[in-house]
Amino acid sequence: MACNVQSAETGYDQAPRTMSLLKTTFTHTTSTPIPPSIRGQGVLALLRDHIAMMELNPLVIAHTIIPSPDVVPAWDSTYIVTDKMSYGLWTGKVTYQVSFRNTADGLEIEAKAAMGFISEAVCRLEERTTGESTDLVLLETAKVTCPRLLRPFVEGKIRTSHQELCQRLLKRLNL
């Protein structure tokens with residue numbers, strides 16, 4: 001099964017923090033049909049396994065939990081994560097903070113990195129009825145704020161890594 005990935009500019013009707021010549025905000029959506037052989041409870045259990053979700057991301061090379069829940073109130077867990085990045089001839093590492101909150105139908109994720117990068121994502125397992133059949137779909141919607149000049153790089157990395165993450169998630173659920 002394939003993941004459907006879309007991105008869109010959110011425009012200047014956002015909160016004042018996005019109204020800048022130096023920053024931009026866009027929305028990224030990933031829609032993954034869940035095969036009928038996979039139960040919804042299995043998908044939710046995997047989404048709520050925060051370590052597994054980080055390890056399914058092809059960019060993540062390290063993660064360390066921040067032990068005190070007082071560091072970031074209202075989140076179930078918070079980690080310092082390191083991604084391996086490459087762009088043309090450049091290869092490097094990016095370290096950032098990511099927080100997870102389990103919800104009734106999925107997961108909320110907030111990532112904050114240097115240079116004002118913020119991603120606020122919601123992953124939901126939805127039932128979609130078409131005709132007489134009801135199918136499950138994993139829908140991720142992320143609002144991403146980043147430096148305007150880095151948007152093509154950020155958007156490209158999100159698109160490719162989340163497509164691979166979806167494929168890895170489906171493969172793991174099929175085991």
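All values below were derived from every heavy atom in this structure, side-chain atoms included, with hydrogens, water molecules and symmetry-related copies excluded. Nothing here was measured: the structure is a model prediction, and the numbers come from that model.
Dense packing is recorded around CD of E55, with more than 12 heavy atoms of other residues, nucleotides or ligands lying under 6.0 Å away. Within a 6.0 Å radius of CG in L149, other residues, nucleotides and ligands contribute 12 heavy atoms or fewer. The number of heavy atoms from other shown groups lying within 6.0 Å of NZ (K112) does not exceed 12.
Checked against the 6.0 Å centroid criterion, the rings of H50 and H63 do not qualify as a close aromatic pair.
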Run the numbers on L59 and M85 for side-chain contact (heavy atoms from CB on, under 4.5 Å), then give the verdict.
CA-CA 7 Å; L59 300 176; M85 297 281 187; 4.1 Å; yes

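Note on I158: it clusters hydrophobically with V60, by side-chain heavy-atom contacts below 4.5 Å among ILVMFWY residues. Grouping the Ile, Leu, Val, Met, Phe, Trp and Tyr side chains by contacts below 4.5 angstrom, directly or via other members, places Y79 with Y96. When the side chains of ILVMFWY residues are joined at heavy-atom separations under 4.5 Å, either directly or via intervening members, V137 and V43 end up in two distinct hydrophobic clusters. Neither M54 nor I61 shares a network with the other; the hydrophobic side chains, linked directly or stepwise wherever heavy atoms of I, L, V, M, F, W or Y lie under 4.5 Å apart, form separate groups for each.
For the pair Q97/V81, no side-chain contact is recorded, criterion being any heavy-atom separation below 4.5 Å from C-beta on. A 4.5 Å side-chain heavy-atom check between E155 and R159 finds at least one atom pair inside the cut-off. In this structure, the side chains of L46 and L56 come closer than 4.5 Å at one or more pairs of heavy atoms.
In this structure, CZ on R128 lies 10.0 Å from CG on D135, to the nearest 0.5 angstrom.
A donor atom on one side chain and an acceptor atom on the other are found under 3.5 Å apart for T78 and S99.
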